Amino acid sequence: MKLFWIGLILSLFTFNLFAQNANDYRLSGTVKNRTGDALDGAYVKINGKYFWTSKEGEYNTKLKSGNYEVHVSMVGYRDFDTIIDLDENLILSLSLAESVTGLDEVLLEGHVHKKTSQQVVYVDNDYLEKQFNGSLASSLERIPGFNAMQIGSGASKPIIRGLGLNRVAVAENGIKQKGQQWGADHGLEIDALNVENLEIVKGVGSIAYGSDAIGGVVRINNNSIPSEGFSGSIYSFAQSVNNSLGTSAKLAYSENDWFFKAKFTGISFGDYSLPTEEISYLNFNIPIFDEKLKNTAGKELDWYAQAGIVEDDFSTTISISKVYQKSGFFPGSHGIPDISRVQPDGDLRNIEEPFQRVTHFKVINNTKFFYENGQLDLDLSYQKNHRQEWSLFHTHYGGQEPPEVDPNLELDFNLKTYTTRAIYHHSFNRQNETQLGVDLNWKDNEISGFNFLLPEYQAGNYAIFGIHEYEPSARNLWTLGLRFDYGTIDMQSNYDPNLYEFLIRNGQTEQLANSYAQRSEGVKRNFSSFNARMGWDHTFDESWSSKINLGTAFRLPTAIELGANGIHHGSFRHEQGDPDLKPEQGFMADLNLNYSKNSWNISLSPYAYFFNNYIFLRPTGTFSVLPHSGQLFQYTQFEALLSGIEVAIIKEIGRWHFNLAGEYLHNRQLTSDKSRNFPLPFTPANNLFTEVGYELFLDSEIFNFSEISINNRLVMEQDRIAQGELVTPGYSLWGLEWQNEINLNGFRANINFRVDNFLNEQYFNHTSFYRRLQIPEMGRNIQLNIKIPFGS
């Protein structure tokens, strides 16, 4: 009987496949230039899917009957766009014209994906706008191996393979974003609605980006060239969970060999909803009135402008942007609140103290010089990150007077960063290409405010690197990378005599009082590190391919890890640095196996990192002697092993599509005493995302690319915890989505409607710093996104 049911299910499955295959049509052809030479690697996009032509310039795919937009592009050639009506097998062969103005050479930076041995996930603007839910990192959470550390409802931080904060580099147009990313309560100062294309490099990206790229790199490409003439779009969204409203407007103009772009984004959100009526803070119960978390409202105002000139042998762009964010802290994040501070005041959008305010100003210049067999890229940038935390002046020990100016300014960090990168690419022949680069970075951090956590410092990082790629055949690509880094840091001393007197008055010894009162030591350190990586991309046949990477990893200790000594209210702990920390050194092995055939796309990626001296914030299990400071966390170094496996499966059957993405992580410190090999703190739980979608209105002239879908995110219980951590229960979240494109008499609009956590499940994220306050994640959220493009 059991075999009968198995046979019946397989029969139905086979019948479904057969029925679908009968309605599939083949679209194929070649892409050549005007002299008839095949174009290898031309970018072909059809109905949201993309691929590249073969060495012979050929492409081939199966599609259902219907209308499709086809976009073909290639560096140095004009784009080709057309709409086809597919009701039989069709051969569409193209001849691309060379670009006269040279604009296309930059246009395709975010679209043409050069073959690489690294694991790279490509995300375009369409995906980001459909999945946008308030911040960049949280909009990418469906990608296997990628998690977001939520910070309220308007900000989040990226986590790749369990590594985050200073172990994931975020780069825009080749320049690493430099803010106060060490803080678990600090979001990423990037306008998510201003990202044109994005690449996630999993695994060690240290060869090209240096320290901060152990976990991977999020590469944002905002250098695409707009179409000739005037164009733009307006994107608006609304969320129910925090009454969020936002609009982003984009304008662009291009003529001959120059172009201009401008973008503006404004977002306002109120206190967000929680599926609970009470939370617990150190056994103190705090009511959540009307299921709204008090003082979590915020706003964001961003602008971006870019101008560029592109000639045949030269191109340059200059980008200027400013991101402004202001958001409230739940009163419990700066001490235990009394009941009056969490009671509703009739205004869900007011932002009271405590709150944070961040302004990130950035200027980037990207210049390229083209030679017969080479190219020189020169990138220059200046960044100013100004972060303030405001809280009503308070002191936990006597003797400290409020500052005369801005008495409620608790923490003030003013970080200036100057960056210069120069990379020369040289093609010896079709098989061999070499990159030689110089990477210079200098930072100056100033502090003020009535509290202390991070010292003033100046830091420099100077590096040279080389990468050689050898492609002996279309099926093999070998990569070898070498990099040498030299870093310096000069931290200023900071001593608090009021704290010393307070501790002495309370019976502490002079030695202990001095250790606490010495908020940071004057430290001058120099670091150096040499690293290497080797990669192999191999194609077995039309269905199977693999990528293998082996190499070393490194990261320089940061100022917070070397010099912190104070209460970090936003993270609910006393953090203490160690000025003797050494640079992290490690080894990594990374494998990706991919199968693609008959609309199946399966990817499997196991990996392992071993560190000699992994730096992490270790819960000590003892309480700080400072009042209201909680547990003492110390930056320390241990041997550590980080390992895991990622899986992604995509399948289409007729009008149905199935998507599955999951990851398993196993991270722990290593000691000579195996009984003390505790898991590393803040490791994301194992998780699985599944989605089933169904296409609608295949024959409609008004509705295009219409699909409804249901999804589920299953997160396992995280009981592999470090000392001092709490077990985080597992949970299951359900979501619904409808995406659609409307085309009515020339008017076009993209509409995306979805419901996240529609069962209003109460759950906790193990990586969230609000977890310590027993504050669950946000409840049911209904969201509507509308985008209206216009112009050429």
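Keep in mind it's a predicted model, so treat the numbers as computed, not measured. Below, all heavy atoms of this structure are taken into account, side chains as well, without hydrogens, waters or symmetry copies.
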Spacing of CZ belonging to Phe465 relative to CZ belonging to Phe530, to within rounding of 0.5 Å: 13.5 Å
field: Check ion pair Arg519-Asp496 (N to O, under 4.0 angstrom)
entry: yes
Asp444 and Gln458: side chain donor to acceptor below 3.5 Å: yes
task: Identify the heavy atoms of Phe329 and Asn295 that sit nearest to each other, and give their distance.
output: O-ND2, 2.9 Å
- prompt: By salt bridge (charged side-chain N to carboxylate O under 4.0 Å, His left out), which residues pair with Asp271, not counting sequence neighbours?
  reply: none
- request: Rounded to the nearest 0.5 Å, what's the gap from CD1 on Ile351 to CD on Gln356? Could you check?
  value: 10.0 Å
query: Should Glu510 and Tyr500 be marked as a side chain to side chain contact (heavy atoms under 4.5 Å, CB included) after you check the CA-CA gap, both sets of side-chain angles, and the distance that decides it?
result: CA-CA 8 Å; Glu510 289 189 9; Tyr500 174 82; 3.5 Å; yes
task: Please name the pair of heavy atoms, one in Leu632 and one in Thr620, separated by the smallest distance, quoted to 0.1 Å.
output: O-OG1, 2.6 Å
- prompt: Centres of the Tyr418 and Tyr382 rings: under 6.0 Å?
  reply: yes
Asn677 side chain to Thr671 backbone, donor-acceptor under 3.5 Å: yes
query: Can Glu389 and Arg357 be said to form a salt bridge (charged side-chain N to carboxylate O under 4.0 Å, His left out), step by step?
result: CA-CA 7 Å; Glu389 295 187 10; Arg357 177 188 290 151; over 6 Å; no
- prompt: For Phe554, is the NZ or CZ atom of Arg483 found under 6.0 angstrom from the centre of its six-membered ring and inside 45 degrees of the ring axis?
  reply: no
field: Nearest-0.5 Å distance that lies between atom CD1 in Ile504 and atom CZ in Phe502
entry: 11.5 Å
message: Any carboxylate oxygen within less than 4.0 angstrom of a Lys/Arg side-chain nitrogen, looking at Arg161 and Glu663?
response: no
message: Walk me through whether Val323 and Glu300 qualify under side chain to side chain contact (heavy atoms under 4.5 Å, CB included).
response: CA-CA 7 Å; Val323 173; Glu300 180 172 340; 4.1 Å; yes
field: Separation between OG of Ser515 and CG of Asn565, rounded to the nearest 0.5 Å
entry: 7.5 Å
field: Contact summary for His574 and Gly566, nearest pair of heavy atoms
entry: CD2-O, 3.3 Å
task: Tell me, please, which residues at least two apart from Arg525 pass salt bridge (charged side-chain N to carboxylate O under 4.0 Å, His left out).
output: none
message: Keeping Asn687 on the side-chain end and Ala685 on the backbone end, is there a donor-acceptor pair under 3.5 Å?
response: yes
field: Worked check of side-chain hydrogen bond (donor to acceptor under 3.5 Å, both in side chains) between Glu584 and Asn613
entry: CA-CA 5 Å; Glu584 282 181 352; Asn613 44 12; over 6 Å; no
- request: Could you tell me if the ring centre of Phe484 sits under 6.0 Å from that of Tyr486?
  value: no
message: Once rounded to the nearest 0.5 Å, what's the spacing between atom OG1 of Thr558 and atom CD1 of Ile615?
response: 7.5 Å
- request: I would like to know whether Asp490 and Thr488 meet side-chain hydrogen bond (donor to acceptor under 3.5 Å, both in side chains); could you show each step before the answer?
  value: CA-CA 7 Å; Asp490 184 357; Thr488 66; over 6 Å; no
message: Quick one, Pro402 and Phe450 - any side-chain contact, counting heavy atoms below 4.5 Å?
response: no
field: Close side-chain approach of Phe289 and Val342, heavy atoms under 4.5 Å
entry: yes
- prompt: Are Glu561 and Arg555 close enough for a salt bridge, meaning some N to O gap below 4.0 Å?
  reply: yes
message: Once rounded to the nearest 0.5 Å, what's the spacing between atom CG of Asp578 and atom CD of Gln637?
response: 7.5 Å
- prompt: Picking from Glu172, Lys178, Lys362, His360, what satisfies side chain to side chain donor-acceptor pair (under 3.5 Å) with Gln383?
  reply: His360
message: Using the ring centroid of each side chain, check whether His386 and Tyr324 are separated by less than 6.0 Å.
response: no
- request: Identify whether NZ of Lys or CZ of Arg in Lys326 sits under 6.0 Å from the centre of the six-membered ring of Phe355 and within 45° of that ring's axis.
  value: yes
Ser528: side chain to side chain donor-acceptor pair (under 3.5 Å) partners, not counting sequence neighbours: none
